[in-house]
There are 2 protein chains.
Amino acid sequence: MTGLVPSRHHDIADDLRQQIRTGRVQLGERLPSEAVLAERYAVSTVTLRHALAVLQGEGLVEKIHGKGNFVRRPLRRITYRGGGAMPDVHTPADVALSVTIRTAKIRARGHLAALMNVPARSPLTEFVCLSRDGGSPHSLARIYVPRDLAPASVPEESSSYVGVVANLAEMRPPLADVREKVSVRLPTQEEAAVLRIGSAWAVLAITRVMSDAAGRVVEAALLVFPGDHAEAVFTTHHQFDQRGTEE
Amino acid sequence: MTGLVPSRHHDIADDLRQQIRTGRVQLGERLPSEAVLAERYAVSTVTLRHALAVLQGEGLVEKIHGKGNFVRRPLRRITYRGGGAMPDVHTPADVALSVTIRTAKIRARGHLAALMNVPARSPLTEFVCLSRDGGSPHSLARIYVPRDLAPASVPEESSSYVGVVANLAEMRPPLADVREKVSVRLPTQEEAAVLRIGSAWAVLAITRVMSDAAGRVVEAALLVFPGDHAEAVFTTHHQFDQRGTEE
DNA sequence: GAGTGGTCTAGACCACGAG
DNA sequence: TCGTGGTCTAGACCACTCA
């Protein structure tokens, strides 16, 4: 909206961005304090913070209250593949992802019951999976399956995301339909805290519902990825000639 | 990050949000000026602007420099359906969408050439479509097709998005593959201006590449939707029993 | 020119983190 | 306790819109 009028905080953001990209500020390192930077650039702290907010929005800087501003290690790009036949994330190197899983036995209600097309109070098992790429949070998945389709035990911590997903898939009848809804929204406070992102920065949220040939929902998953380095790919193959309704 | 400490600008945002939602401030109307509101809430203009920024991020308020802050009419939710067999947007009432189309004959280069898998300088036709829902911008689509597959003429303005897409589809050989990449990013300055959204608010960007049975790319589309009221739905049907690689 | 939002200042005080 | 970021003030001046 402001258009092409250069503003001081943009200049500063550009300068800091350059220093980060050229490696003059080391990855993972702390930037000088805001007070120091404000003096260095001869601006007020408010303006300097505005500049840092720009970089935070770009995912280059992580602010930690009471500690400082840190240059964020550029995270591996996350590619989610749609279609449901494969693990959620399978970039070539995603074996390096570690996962923390919290399991709970819950009962369906409200939105979740509707999503899974089961009566309220149906027994479900909930898996909350936080995957990490090295030290950095990577993605958050909340997976719900009918209790009778859940593995009896799931390791609390696993070094392989693929293994976990395979574990779930074993119990599952063959899939017939996968419906994935992709949306953009601001993270909840919890999500922002867990993923270590600013609460003003959007996430890529995917709601995935899988059902078997009988139409029974065998899994519902609420997946959340930091928006600045995630993407979802969907591939559709049209196996028949295009005559009328085929999809 | 700040956590549970209530802050003045959040309180104000909450109050204004309530007034908007309960209709005490009319849709499309201008809010009192920032100076007036700042006095009313007994805060500085900076703090008041911070509160408005929250509402702007939620898509409730649209700021227009020199004019005022306006309560944004809640836009119809945009649902993009993946798979490529259908028009981009087909909520029941999307016949109400109007579209402005700018057509240009261009030549492939760089990223676009790679995307369409054609040599640089291949002749393409570009369609830039801005669709509007009533008065509000709704989505921006940049569609590229090989020159020989482009309709000779496209109406500059059309009242029906569906008609336009059908127009394009007529020229097309049967589709074999559709690949859609969904990502979240900040809008470019141009996109922010055209879609009338703040440049700090993320958009849902879809890159769609369609190819025919021979593997030729017959269309590449760069679609941009305001992130706060758009979603994309992908449905996969598994027609065979699940044995090995079938995706 | 009058009224609006956009940017900025030079402080102040509060909340968090680590020793 | 000290250094950090988080919020806020009471102005100032500039840029945009419209009569």
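Here is how names work: the chains are called A, B, and so on, in the same order as the sequence lines, proteins then strands, and each is numbered from 1.
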- Task: For A/Gln18, enumerate each residue passing the side-chain hydrogen bond (donor to acceptor under 3.5 Å, both in side chains) test, keeping only those at least two apart in sequence or located in another chain.
- Result: none
- Item | Salt-bridge criterion met for A/Asp15 and A/Arg40 (N-O under 4.0 Å) | no
- Distance in Å, B/Asn69 CG paired with B/Leu60 CG, rounded so as to fall on 0.5 Å steps: 12.0 Å
- Message: Measuring only between side-chain heavy atoms, which start at C-beta, is B/Trp201 closer than 4.5 Å to A/Leu186?
- Response: yes
- Item | Nucleotide nearest A/Lys67 when distance is taken to its side chain, options C/dG6, C/dA18, D/dT7 | C/dA18
- Query: Are A/Arg142 and A/Glu191 ion-paired here, with the side-chain N under 4.0 Å from a carboxylate O?
  - Reply: yes
- Provide, to the nearest angstrom, the distance between the CZ atom belonging to B/Arg30 and the P atom belonging to D/dT17. 15 Å
- Query: For the pair made of CG in A/Leu37 and C1' in D/dT4, what is the distance, rounded to whole Å?
  - Reply: 12 Å
- Message: Between A/Arg8 and C/dG6, is there a contact of a side-chain N or O with OP1 or OP2 at under 4.0 Å?
- Response: no
- Residues within residues 38-55 of chain B bordering DNA chain C, heavy-atom distance below 4.0 Å: B/Val46, B/Arg49
- Message: Distance check needed: D/dG5 P versus A/Gln56 CD, whole Å only.
- Response: 12 Å
- Query: Would you say B/Asn69 reaches C/dG5's phosphate, i.e. side-chain N/O to OP1/OP2 under 4.0 Å?
  - Reply: yes
- Query: Of the candidate nucleotides C/dT7, C/dG6, D/dT4, which contains the atom at the shortest distance from the side chain of B/His65?
  - Reply: C/dG6
- Spacing between A/Phe70 atom CZ and C/dC16 atom C1', to the nearest angstrom: 13 Å
- Item | Rounded distance in Å - CG (A/Leu31) to C1' (D/dG3) | 16 Å
- Query: When you check the gap from the basic side-chain N to the acidic O, do B/Lys63 and B/Glu34 get nearer than 4.0 Å?
  - Reply: yes
- note: A/Glu62, atom CD; C/dG17, atom P; distance rounded to Å ~ 13 Å
- Working for side chain to side chain contact (heavy atoms under 4.5 Å, CB included), residues B/Leu16 and B/Tyr41: CA-CA 11 Å; B/Leu16 288 172; B/Tyr41 286 108; 3.5 Å; yes
- In whole angstroms, the gap separating C1' of D/dC18 from CD1 of B/Ile64 amounts to 13 Å
